[in-house]
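Bear in mind the structure is a predicted one, so any value in this text is a computation, not a measurement.
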Amino acid sequence: MADPIETLRLRLVEQVRGVFNDASKGQKPTPPSDNALFERDTPIRMVHSDLVGMMTGGIRSLMLQMLHPHALQGVLDHSNFREDMHGRLQRTAKFIAVTSFGDRDDAMKAIERVNRIHAKVGGTLPDGTPYIANNPRTLAWVHVAEAQSFLAGYLRHVRPDMPSAEQDEYYRQFAVIARLLGADPVPETRSEADAIFRELRGDLRPSPQAREVAQLVLSQRPKGTPPALQKVIGAESVAMLPDWARSMLKLQKPVLSAIPARAATWGVGRTLRWAFKQN
């Protein structure tokens, strides 16, 4: 007789994988490799393997990235995000998975593919300023927003006592990918990340378009995701933003729902770690 608990666990795993992999296009989860860019049980693989931390951090990072006029204009001019925001998020999640856990050759192919795409992306801002996607400084903002956000999600929902040395190692590992993508400057410690984040903040600008993208991201309802779960994930992502970023995006910090959202995401994270048999 089948174990009902194991059946439930496998069903949950299948449902979650369906959110991140489009089976209709033949997409499958990225199997962890012993020939990856990074060794097993190292900080980058621990941080990037936690689903709740990555979901909240991923939404936070995308909202921060859209405050950069060049990154925003590239999305507006060269993607169909309004019609396929979930597809965009899926592709980003797939890239992170392949470069963090996949075979080294597959990771390098994924990086080369992104570089080829970026080389073709460019245009002008509404004020006539030219932009290109492979601008090292723009890529630096995209990277530091991601790295800070993913780590913030992990610290908030999984391991708030993560040692500083391991946090620095996370930045050193993630820097490998950032440099291969052409970003500069790239932080290798948490203090460097904080300094670069403060420096590049001066490049950011509020805009109706950035607010539109933020609202689209927060209103996403990927197939298979319970609406209540998506709501608390969104609330946590907004709560994790710096006050100035929420102000630029005209978002309100969750107040009455903050504690329930935090508790809910903690509970979801624990359940998912059980389902995927993570420690």
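- Here the side chain of Arg190 pairs no donor or acceptor atom with the backbone of Ser164 at under 3.5 angstrom.
- Of all the heavy atoms in Ser237 and Thr56, the pair that sits closest is OG-O, 3.2 Å.
- The side-chain heavy atoms of Asn134 and Asn115, taken from C-beta on, include no pair separated by under 4.5 Å.
- Taking CZ of Arg137 as the start and CD1 of Ile196 as the end, the distance is 10.0 Å to the nearest 0.5 Å.
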Would you please test Leu51 and Met54 for side chain to side chain contact (heavy atoms under 4.5 Å, CB included) and show each step?
CA-CA 5 Å; Leu51 290 172; Met54 291 298 285; 5.9 Å; no
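- Side-chain contact between Tyr171 and Gln148: present, with at least one pair of heavy atoms (C-beta onward) separated by less than 4.5 Å.
- Annotation: the span from Glu146 atom CD to Thr92 atom OG1 amounts to 7.0 Å, rounded to 0.5 Å.
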Give the C-alpha distance, both sets of side-chain angles, the deciding distance and a yes or no for ring pair (Phe, Tyr, Trp, His ring centres under 6.0 Å) between Phe101 and His48.
CA-CA 9 Å; Phe101 314 108; His48 291 179; 7.0 Å; no
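- The shortest heavy-atom contact between Phe38 and Thr99 is CE1-O, 3.4 Å.
- Here the side chains of Arg201 and Pro242 are not in contact, with every heavy-atom distance at 4.5 Å or above.
- Atom OH of Tyr131 is separated from atom CG of Leu72 by 9.5 Å, given to the nearest 0.5 angstrom.
- Using a 4.5 Å cut-off on side-chain heavy atoms (C-beta onward), Ile177 and Phe95 make contact.
- Taking OH of Tyr154 as the start and CZ of Arg159 as the end, the distance is 5.0 Å to the nearest 0.5 Å.
- Looking only at distances, a side-chain donor or acceptor of His157 sits under 3.5 Å from a matching main-chain atom of Gly153.
- A 4.5 Å side-chain heavy-atom check between Leu76 and Gln209 finds at least one atom pair inside the cut-off.
- In this structure, the separation between NE2 on His143 and CG on Leu181 is 9.5 Å, given to the nearest 0.5 Å.
- In this structure, Val238 and Met63 have side chains that are in contact, with non-hydrogen atoms separated by less than 4.5 Å.
- Counting only heavy atoms from C-beta outward, the side chains of Ile96 and Phe150 approach each other to under 4.5 Å.
- Using a 4.5 Å heavy-atom threshold, the side chains of Glu169 and Gln173 count as touching.
- With values rounded to the nearest 0.5 angstrom, Arg205 atom CZ is found 10.5 Å from Leu125 atom CG.
- Proximity of a side-chain donor or acceptor of Gln73 to a complementary backbone N or O of Pro69 within less than 3.5 Å is not detected.
- For His118, there are no ring pair (Phe, Tyr, Trp, His ring centres under 6.0 Å) partners two or more places apart in sequence or in a different chain.
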Worked verdict on Asp127 versus Thr129 for side chain to side chain donor-acceptor pair (under 3.5 Å)
CA-CA 6 Å; Asp127 65 2; Thr129 303; 2.8 Å; yes
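- Looking only at distances, no side-chain donor or acceptor of Arg211 sits under 3.5 Å from a matching main-chain atom of Leu249.
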